[in-house]
Amino acid sequence: MVGRNASSVTDFILVGLFPEFQHSTVLNFVVIFIYILAFLGNLLLIVLIWGDCRLHTPMYILLSQLSLIDLTLTSTIVPKTASNFFTGKRTISRIGCGTQSFFFLMLGMSECLTLTLMAYDRYVAVCIPLRYPTIMSPRFCLHMVTGCWIGGSISSFIHTVYPMHFHICGSREIHHFFCEVPVLIKLSCEDTSVYQLVVVVTSIVLLVVPFSLIIASYTLIFLTVLRMNSVKGRKKALATCSSHLTVVSLFFGPNIFIYMTFTSSHSPEQDQALSLFSNILTPMLNPLIYSLRNKEVVAALMKLIARCGVS
């Protein structure tokens with residue numbers, strides 16, 4: 001009994017998704033529905049890529065990694081949020097909060113690096129196509145994917161362990177639907193301005209630098225595309241690049257606002273709305289963005305449907 005009371009003192013309370021919203025039940029059902037679509041869509045894209053040998057190229061390998069990240073990211077957030085809402089148990093242990101924050105940050109940072117590598121892949125393919133097989137070799141792709149996961153894990157570990165040591169002397173209510181570093185910082189009664197500055201500086205390195213590299217890559221790509229004589233080749237390059245740029249905008253826009261401004265400058269409602277858009281809605285949209293205008297993915301899907309129909 002004593003142990004249970006002691007643990008309840010250190011537990012956090014997640015207020016949930018827009019707690020003041022009158023139709024919260026409908027909202028939570030919509031979020032669960034979006035999660036199911038995101039999960040199935042990304043899982044299908046992974047199956048299509050790894051099940052069709054024609055898609056075993058660097059671009060699609062990186063795309064499968066992006067789908068794996070999105071699938072895992074939504075699974076880190078939504079099941080716990082739904083469980084808390086429908087059971088009425090809104091608490092999360094300190095270890096559980098740290099674990100959720102770690103995986104969320106790791107996956108977010110890995111996605112940032114993966115999107116940057118996807119832009120580099122398209123730059124090599126369009127601007128220096130003759131060297132593409134040499135540069136984007138299977139071994140290099142493996143190193144890139146491994147680097148994304150290791151880089152995301154190290155950075156996430158640092159930014160999870162340090163904030164969890166801040167002393168909390170007031171309310172342990174987290175005005176969010178999951179544990180996230182900017183929200184945890186608001187609970188501390190210590191002066192966290194120095195750490196918030198560190199977060200902003202880190203965000204410049206992990207968000208602005210990759211975003212700048214992506215913009216630079218696509219600037220060079222568009223200049224190369226404009227000089228192409230083949231109309232068909234130009235359209236194919238622009239279709240692939242436009243899909244990636246859409247995903248880049250959906251990812252970097254909300255995250256730059258959340259992590260590159262001090263936590264006191266935006267409200268809990270703004271944090272929740274941006275997180276809902278970036279971490280739940282966007283993972284559902286990504287498979288659609290990449291597949292609807294991609295003939296290779298559509299062909300792999302038709303092949304899978306035909307195979308299922310025959311069997």
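For reference, positions follow the sequence shown, starting with 1. Predicted model only: the values in this text are computed from it and were never measured.
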(message) Is there a side-chain contact (heavy atoms from CB on, under 4.5 Å) between S212 and V208? Walk through the geometry before answering.
(response) CA-CA 6 Å; S212 300; V208 176; 3.9 Å; yes

(request) Compute the centroid of each ring, for F29 and then for F86, and state whether the two points are separated by less than 6.0 Å. (result) yes

(request) Could you grab the distance from atom CD of E111 to atom CG of L73, nearest 0.5 Å is fine? (result) 6.5 Å

(message) Looking at L274, is its backbone amide N or carbonyl O close enough to the side chain of S278 to form a donor-acceptor pair, meaning the two atoms are under 3.5 Å apart?
(response) no

(message) For the CG atom of L68 and the CG atom of L63, what is their distance to the nearest 0.5 Å?
(response) 11.5 Å

(request) To the nearest 0.5 Å, tell me how far L245 CG sits from L250 CG. (result) 11.0 Å

(message) A side-chain contact here means heavy atoms from C-beta on lying under 4.5 Å apart; do V297 and Y60 qualify?
(response) yes

(request) Tell me whether L220 is reachable from L226 by hopping between hydrophobic residues (I, L, V, M, F, W, Y) whose side-chain heavy atoms are closer than 4.5 Å. (result) no

(request) Drop me the distance from K80's NZ to L14's CG, to the nearest 0.5 angstrom. (result) 7.0 Å

(request) State the CZ-CE distance between F33 and M284, to the nearest 0.5 angstrom. (result) 8.5 Å

(request) Inspect the surroundings of CZ in F211 and state if more than 12 heavy atoms from other residues, nucleotides or ligands are less than 6.0 Å away. (result) no

(message) Please determine whether the number of non-hydrogen atoms from other residues, nucleotides or ligands lying under 6.0 Å from atom CG of L288 exceeds 12.
(response) yes

(message) Tell me every residue that passes ring-ring contact (aromatic ring centres under 6.0 Å, His included) with F104, counting only those two or more places apart in sequence or in another chain.
(response) F178

(request) Would you indicate whether the side-chain heavy atoms of W149 and M106 approach each other to under 4.5 Å? (result) yes

(request) Kindly work out whether a path of hydrophobic side-chain contacts (I/L/V/M/F/W/Y, heavy atoms less than 4.5 Å apart) joins Y290 to W50. (result) yes

(request) Taking all non-hydrogen atoms of both residues into account, name the closest pair between R90 and V15 and its distance. (result) NH1-CA, 3.8 Å

(request) Scan V31, I77, T282 and name whichever one has a side-chain contact (heavy atoms from CB on, under 4.5 Å) with L276. (result) V31

(message) Looking at S67 and I46, would you say the former's side chain and the latter's main chain have a donor-acceptor pair under 3.5 Å?
(response) no

(request) Looking only at non-hydrogen atoms, find the nearest pair between S155 and M109 and report the distance. (result) OG-SD, 3.0 Å

(request) Please check if I158 and V161 belong to a single hydrophobic cluster, counting links between Ile, Leu, Val, Met, Phe, Trp and Tyr side chain heavy atoms closer than 4.5 Å. (result) no

(request) Check side-chain hydrogen bond (donor to acceptor under 3.5 Å, both in side chains) between T246 and all other residues, then give those that pass, not counting sequence neighbours. (result) none

(request) Find out if a path of hydrophobic residues (ILVMFWY) with successive side-chain heavy-atom gaps under 4.5 Å connects I154 to V209. (result) no

(request) Locate the shortest heavy-atom distance separating S156 from S101; write the atom from each residue and the value. (result) OG-O, 4.3 Å

(request) Flag the pair I61 / I49 as yes when at least one side-chain heavy-atom distance between them is below 4.5 Å, and no otherwise. (result) no

(request) Would you check if Q272 and L17 make a side-chain contact, meaning some heavy-atom pair closer than 4.5 Å? (result) yes

(request) Might you confirm whether atom CZ of F252 has over 12 heavy atoms from other residues, nucleotides or ligands at distances under 6.0 Å? (result) yes

(message) Between H244 and M59, is there a side-chain heavy-atom distance shorter than 4.5 Å?
(response) no

(message) Can you confirm whether T25 sits close enough to F85 that some side-chain heavy atom of one is under 4.5 Å from a side-chain heavy atom of the other?
(response) yes

(message) Counting C-beta onward and ignoring hydrogens, is there a side-chain heavy-atom pair between S275 and H176 closer than 4.5 Å?
(response) yes

(message) On a heavy-atom basis, which atom in G16 and which in F177 lie closest, and how many Å separate them?
(response) C-CB, 3.8 Å

Sequence neighbours excluded and cut-off under 3.5 Å, please list the side-chain donor-acceptor pairs for residues 113-128, or say none.
from: T114; atom 1: OG1; to: S110; atom 2: O; distance (Å): 2.7
from: T116; atom 1: OG1; to: C112; atom 2: O; distance (Å): 2.9
from: D121; atom 1: OD1; to: Y132; atom 2: OH; distance (Å): 2.6

(message) Just verifying a value: how many Å separate L281 CG and T74 OG1, rounded to the nearest 0.5 Å?
(response) 11.5 Å

(request) Assign the ring pair F102 / F157 to parallel, tilted or perpendicular, where the plane angle (0 to 90°) is split at 30° and 60°. (result) perpendicular

(request) Could you pull out the closest heavy-atom pair between Y35 and P79, with the gap in Å? (result) OH-CG, 3.9 Å

(message) Please tell me whether L37 and I69 are part of a single hydrophobic cluster in this structure, the criterion being side-chain heavy atoms less than 4.5 Å apart.
(response) yes

(message) With heavy-atom distances below 4.5 Å as the criterion, would you say the side chains of L44 and L304 are in contact?
(response) yes

(message) Given 3.5 Å as the limit, does a donor-acceptor pair link the side chain of N42 with the main chain of P283, or not?
(response) yes

